[in-house]
There are 2 protein chains.
Amino acid sequence: MSKSLTVLTPAETVACCSPLSREPLSRPQAEQVAPLLKALADPVRLRLMSLVASHEGGEACVCDLNDAFDLSQPTISHHLKVLHQAGLLDRSKRGVWVYYRARTEALTDLGALIGNPSA
Amino acid sequence: MSKSLTVLTPAETVACCSPLSREPLSRPQAEQVAPLLKALADPVRLRLMSLVASHEGGEACVCDLNDAFDLSQPTISHHLKVLHQAGLLDRSKRGVWVYYRARTEALTDLGALIGNPSA
DNA sequence: CATCAATATTGACAGACGTCGATGCGTCGT
DNA sequence: ACGACGCATCGACGTCTGTCAATATTGATG
């Protein structure tokens, strides 16, 4: 898969928008932000994100994550891929194990876009 | 449709959760928050929310909103209903016109849940 | 009351989404 | 080299979602 230098993940484009209540979002802006929210808009992915983000070092092993759900391993893998492709999780393989790390700046930017009444 | 006294909209249940990075979201919590994000996770609804929230008085008439999109009137009506049922928009009918008002506390709570690194 | 204008509801349809079982692919012990 | 394990990918399935045209509903107006 191509990972060209100039390609930004959805999460990396969010910091540029002022909050929802500040001024109307343009159509292109909305189309950039929506996929990020879509990635979070699932109970399983929300818990995954929260598990990773709140884990020691902001990092968690897939092996731990699988056990926290009653879902099949491919399903968890799918959800992690969605979060990763949205730019909300970083992936790093160490030996046999794969670790996912939360992109806290992405979460911060997104939270500010949605909820920040000032700024 | 029933609007019993004890029924809370999804948006009204969010303030109770600590932020994603603070501690793992429980399954019930995730299932309460996800519908809210789902309601926002659409480019049209994001722009609608932003248009209403940034409008003078935090309120906008449907007639104005329709013109901001290339979509049919029923489609806009549908999206507004989704946002309203999620508890992100308040609806008030005045004469023939319907006005939607943004629930800024809901947005603030949701933003804090997603992005607030402290709190 | 008849009509018109502003929104909402309904029914239909194509496409997206969440889930699973089966399978593939690296990596570590033995 | 081989087998076992951790994780990803594939293909398939049912369900949910965004959109529209058609129609209903509600309120103002003549």
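Just so it is clear: chains get the letters A, B, ... in the order the sequence lines come, proteins before strands, and each one is counted from 1. None of the values given here were measured: they were computed from a predicted structure.
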(message) If you define the side chain from C-beta out and look only at heavy atoms, does anything of A:His55 sit under 4.5 Å from A:Glu59?
(response)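 A:His55 does not reach A:Glu59 side chain to side chain.
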(message) If you define the side chain from C-beta out and look only at heavy atoms, does anything of B:Leu110 sit under 4.5 Å from B:Leu37?
(response)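 Yes, close enough: below the 4.5 Å cut-off.
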Rounded interatomic separation in angstrom, taking [atom1] from [X] and [atom2] from [N]:
X: A:Leu80; N: D:dC7; atom1: CG; atom2: P; result: 10 Å
X: A:Trp97; N: C:dC28; atom1: CH2; atom2: C1'; result: 8 Å
X: B:Arg94; N: C:dT7; atom1: CZ; atom2: P; result: 12 Å
X: B:Leu83; N: D:dG18; atom1: CG; atom2: P; result: 10 Å
X: B:Leu37; N: D:dT17; atom1: CG; atom2: C1'; result: 17 Å
X: A:Lys81; N: D:dC7; atom1: NZ; atom2: C1'; result: 12 Å
X: A:Gln85; N: D:dT9; atom1: CD; atom2: C1'; result: 12 Å

(message) Among B:His78, B:His79, B:Gln73, which residue satisfies the side chain to side chain contact (heavy atoms under 4.5 Å, CB included) criterion with B:Thr75?
(response)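 Checked B:His78, B:His79, B:Gln73 against B:Thr75; only one passes side chain to side chain contact (heavy atoms under 4.5 Å, CB included): B:His79.
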(request) Determine the sole option in A:Leu36, A:Leu46, A:Leu113, A:Leu40 for which the side chain to side chain contact (heavy atoms under 4.5 Å, CB included) test with B:Ile114 is passed. (result)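 Testing each of A:Leu36, A:Leu46, A:Leu113, A:Leu40 against B:Ile114, the sole residue satisfying side chain to side chain contact (heavy atoms under 4.5 Å, CB included) is A:Leu40.
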(request) Starting from the 5' end of DNA chain C, give me the residue, A:Lys93 or A:His79, whose nearest nucleotide shows up first. (result)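 Taking each residue's closest nucleotide, the earlier one in sequence belongs to A:His79.
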(message) Closest-nucleotide mapping onto DNA chain C: is A:Val96 or A:Asp42 further toward the 5' terminus? I mean the 5' end.
(response)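 Checking each residue's closest nucleotide, the 5'-ward one belongs to A:Asp42.
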(request) Name every residue in residues 62-77 of chain A that has at least one heavy atom under 4.0 Å from any atom of DNA chain D, in order of residue number, or write none if there are no such residues. (result)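 DNA chain D contact set from residues 62-77 of chain A: A:Val62, A:Cys63, A:Gln73, A:Pro74, A:Ser77.
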(request) In sequence, state the C-alpha distance, the side-chain angles, and the governing distance for B:Gln29 and A:Ser50, and then conclude on side-chain contact (heavy atoms from CB on, under 4.5 Å). (result) CA-CA 11 Å; B:Gln29 283 177 329; A:Ser50 179; over 6 Å; no
Could you work out which one of [options] sits closest to the side chain of [X]?
X: B:His78; options: D:dT19, D:dC7, D:dA28; answer: D:dT19
X: B:Val44; options: D:dC7, D:dG27, D:dT19; answer: D:dT19
X: A:Val98; options: D:dT9, C:dG18, D:dA8; answer: D:dA8

Using a cut-off of 4.0 Å on non-hydrogen atoms, how would the nucleic acid contact of [X] be classed: base, sugar-phosphate, or nothing?
X: B:Arg45; value: sugar-phosphate
X: A:Arg91; value: sugar-phosphate
X: B:Tyr100; value: sugar-phosphate

(request) Return yes when atom CG of B:Asp70 has more than 12 non-hydrogen atoms of other residues, nucleotides or ligands closer than 6.0 Å, and no otherwise. (result)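 Count not over threshold, so no.
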(message) Keeping A:Ser21 on the side-chain end and A:Gly115 on the backbone end, is there a donor-acceptor pair under 3.5 Å?
(response)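 Checking the backbone N and O of A:Gly115 against the side chain of A:Ser21, no donor-acceptor pair under 3.5 Å is found.
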